[in-house]
Structure formats: structure tokens, C-alpha cells
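One structure is given here, and the rest of the page talks about it.
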Amino acid sequence: MKRSFFILVLFSLCMGAMAQPRLQTDEMYVGVHAGVLASMVNFTPDVAQSALQPFLGPNAGFVFRYSGHKCCGLQVELNYMQRGWHETETGYRRSIDYIELPFLAHIYFGKKFRGFLNLGPQIGYALHEQHTHLPDTSAPQYLSLDSRFDWGVAGGLGMLYRSKAGVWQLEARFNYSFGDLFANHKADYFGTSNPMCLSLNLAWLWQVH
């Protein structure tokens with residue numbers, strides 16, 4: 001049900017974008033962004049975590065944006081992000097390094113100063129994982145990942161300023177993964193193990209003429 005809702009929202013955004021009038025001159029931007037993210041994992045059964053003590057990691061990448069219609073465009077990124085989780089009871093931390101590829105609808109308003117919404121699907125792959133304060137136990141969340149492929153949705157709100165030195169923008173973004181870190185068949189321990197994170201990023205983009 002949750003996945004169907006997000007697909008319906010994305011489809012509605014795409015149809016709305018197609019209905020917008022075209023710009024006289026298309027806009028194309030390339031650039032870089034970097035920031036920090038706070039992440040957790042939605043475990044069922046629950047694993048003790050706290051929103052006040054999330055796993056903190058870096059986030060950085062390249063940005064390509066194209067706008068051919070008024071108030072909307074397409075944004076594609078290639079990102080490195082370090083996600084994971086932190087257990088409040090044991091102090092255990094697991095960091096997972098991802099390469100991520102989001103495909104986002106970019107909806108904006110304004111001219112020199114712009115507010116914007118980014119929303120769309122993302123896919124990723126876990127390259128490396130590391131344990132800190134590993135307890136002396138064989139609990140299932142301490143085992144190796146069953147799946148390194150990640151997919152889900154991303155949505156962000158932000159604002160930007162267009163200057164002669166380029167476009168400067170600040171964005172807060174939420175990522176939710178539909179893919180599970182651990183197997184979730186009937187015989188497995190976890191029913192869900194979906195990563196989710198909140199990031200804050202600063203970007204510098206240049207317009208390509």
C-alpha cells in the first residue's frame with residue numbers, strides 16, 4: 001500500500017510537469033553538493049535506537065539538472081553516502097557506504113531566489129560496511145547484510161540563489177528505502193529492515209549554455 005501511494009504521487013508529478021508551458025530557453029546545470037546525514041533502520045522486531053542519537057555520516061556527489069518547462073525539471077545525481085544505525089543500549093554502530101543514483105522531479109518557483117521541491121525514486125548499492133563496539137553475541141542484526149542493493153524514494157525541500165558565480169542552494173532531504181538489509185522470508189527473524197535518513201546538503205551549480 002505504501003509503495004503504491006508513492007508511485008501514484010510520482011506519476012501525478014510527472015503528468016503535472018508535462019502539462020507546464022515550455023521555457024523560451026532551456027536551463028541546464030551541473031555541479032557538486034556535500035553535507036551530513038542522520039540515519040536509522042526501521043527494524044521489525046524493533047532494535048533499540050533513538051531519533052536523538054542517530055547514526056551520523058557524510059554525503060557528497062555530483063548533480064545534473066535540466067529544466068525545459070516552466071517551474072519544473074529533472075535532476076539526476078551520483079552520490080556517495082554513509083548510512084547505518086546506532087543502538088542505544090549496546091553502543092553498537094554499523095556504517096554502510098553506498099553509491100546512490102536518484103532520479104528526481106525538480107519543482108521550483110521564483111527567479112533569482114527560488115524555493116524548490118525534489119521528489120523521485122533512487123537506487124543504490126552498498127560497497128562497504130564496518131562495525132564499531134560489536135557485542136559478543138550472535139544477534140541477527142550483527143550478521144553480514146543479505147542484500148546490498150537499495151531502492152526507495154527521496155524527497156527534499158530547499159532554496160537557491162542564482163548569482164554570477166553560480167547557483168548556491170541548501171536542501172533538506174529525506175530518503176526511505178523499500179529494500180531490506182536482511183532477508184525477510186517467513187523463516188527469517190526480521191520482517192522489515194529498511195534504512196531511512198535525513199540529510200542537509202549545500203550545493204554549488206554552474207549553468208551550461
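All figures in this text were calculated on a predicted structure; none of them were measured in a lab.
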* Given side-chain contact (heavy atoms from CB on, under 4.5 Å), test Cys71 with Phe109 step by step and report yes or no. => CA-CA 6 Å; Cys71 299; Phe109 54 91; 5.6 Å; no
* Any chance you could measure Tyr108, atom OH, to Cys72, atom SG, to the nearest 0.5 Å? => 7.0 Å
* To do: May I ask you to decide if the ring planes of Phe182 and Trp85 are parallel, tilted or perpendicular, using 30° and 60° as cut-offs?
  => perpendicular
* Validation row: Leu104, Val76 side chains within 4.5 angstrom (heavy atoms) -> no
* Asked: Out of Thr192, Asn184, Asn194, which residue meets the side chain to side chain donor-acceptor pair (under 3.5 Å) rule with Thr44?
  -> Thr192
* Asked: Does Ile96 reach the side chain of His128, with side-chain heavy atoms less than 4.5 Å apart?
  -> no
* Asked: Looking only at heavy atoms, which two atoms of Ala51 and Met40 are closest? And how far apart?
  -> CA-SD, 3.9 Å
* To do: Flag yes if Val32 and Leu202 sit in one hydrophobic cluster, no otherwise; membership is Ile, Leu, Val, Met, Phe, Trp, Tyr, and two members link when side-chain heavy atoms are under 4.5 Å apart.
  => no
* Structure fact -> Rounded to the nearest 0.5 Å, the SG atom of Cys197 sits from the CE atom of Met81 at a distance of 4.0 Å
* Check whether more than 12 heavy atoms from other residues, nucleotides or ligands sit under 6.0 Å from atom CZ of Phe174, and answer yes or no. => yes
* To do: Supply the atom-to-atom distance Leu170 CG to Leu200 CG, rounded to the nearest 0.5 angstrom.
  => 5.0 Å
* **Plane angle bin for Tyr176 and Phe178 - parallel if under 30°, tilted between 30 and 60°, otherwise perpendicular** => perpendicular
* Structure fact -> When every non-hydrogen atom of Pro140 is compared with those of Tyr189, the smallest separation belongs to CG-CD2, 3.3 Å
* To do: State plainly whether the residues Asp97 and Arg83 are in salt-bridge range, i.e. N to O under 4.0 Å.
  => no
* Tell me, please, which residues at least two apart from Arg65 pass salt bridge (charged side-chain N to carboxylate O under 4.0 Å, His left out). => none
* Taking atom CG of Leu181 and atom CD of Glu129, what is their separation to the nearest 0.5 Å? -> 9.0 Å
* Asked: Is the number of heavy atoms from other residues, nucleotides or ligands within 6.0 Å of CZ (Phe149) greater than 12?
  -> yes
* For Asp180, does its backbone N or O pair with a side-chain atom of Ser193 as donor and acceptor, under 3.5 Å? -> no
* Asked: Which pairs count as salt bridge (Lys or Arg N to Asp or Glu O under 4.0 Å) when at least one residue sits in residues 163-173, sequence neighbours excluded?
  -> Glu77-Arg173, Glu171-Arg173
* Do Val63 and Val30 touch side chain to side chain, with heavy atoms closer than 4.5 Å? -> no
* Would a 4.5 Å heavy-atom cut-off, applied to side chains only, mark Arg162 and Tyr29 as touching? -> yes
* Hey, do the aromatic rings of His86 and Tyr92 have their centres closer than 6.0 Å? -> no
* To do: Answer yes if Tyr98 and Tyr125 sit in the same cluster of Ile, Leu, Val, Met, Phe, Trp and Tyr residues linked by side chain heavy atoms under 4.5 Å apart, and no otherwise.
  => no
* Asked: Between Tyr66 and Asp26, do the side chains contain an N or O donor and an N or O acceptor separated by less than 3.5 Å?
  -> yes
* Are His131 and Tyr142 close enough, and set up right, to give a side chain to side chain donor-acceptor pair (under 3.5 Å), and what steps lead you there? -> CA-CA 8 Å; His131 307 263; Tyr142 305 139; over 6 Å; no
* Those residues that, when tested against Arg93, pass salt bridge (charged side-chain N to carboxylate O under 4.0 Å, His left out) (two or more places apart) -> none
* Check: Asn79/His33 side-chain N/O donor and acceptor closer than 3.5 Å -> yes
* Working to the nearest 0.5 Å, report the span between CZ of Phe113 and OH of Tyr161. => 5.5 Å
* Asked: Is the distance between the ring centroids of Phe190 and Phe43 less than 6.0 Å?
  -> yes
* Tell me, which pairs form a salt bridge (Lys or Arg N to Asp or Glu O under 4.0 Å) where one or both residues lie in residues 189-209, sequence neighbours left out? -> none
* To do: Compare all side-chain heavy atoms of Phe116 with those of Gln169 and state whether any distance is below 4.5 angstrom.
  => yes
* Structure fact -> Nearest heavy-atom approach of Gly84 to Val41 is O-CG2, 4.2 Å
* To do: Can you see which heavy atom on Tyr80 is nearest to which on Pro58, and at what distance?
  => CE2-CG, 4.1 Å
* Kindly give the heavy-atom pair with the smallest separation between Leu145 and Ala126, and that separation in Å. => CD1-CB, 4.5 Å
* **NE2 (His133) with more than 12 external heavy atoms under 6.0 Å** => no
* Asked: Are any non-hydrogen side-chain atoms of Val47 and Glu87 less than 4.5 angstrom apart?
  -> yes
* Structure fact -> The complete set of salt bridge (Lys or Arg N to Asp or Glu O under 4.0 Å) pairs with one or both residues in residues 113-125, sequence neighbours excluded, reads Glu27-Arg114
* **Rounded distance (nearest 0.5 Å) linking atom CZ of Arg94 with atom OG of Ser39** => 12.5 Å
* Asked: Does a side-chain heavy-atom distance below 4.5 Å link Val36 with Ser199?
  -> no
* Asked: Do Leu37 and Leu56 touch side chain to side chain, with heavy atoms closer than 4.5 Å?
  -> no
* Which residues satisfy the side chain to side chain donor-acceptor pair (under 3.5 Å) test with Asn175, sequence neighbours excluded? -> Glu100
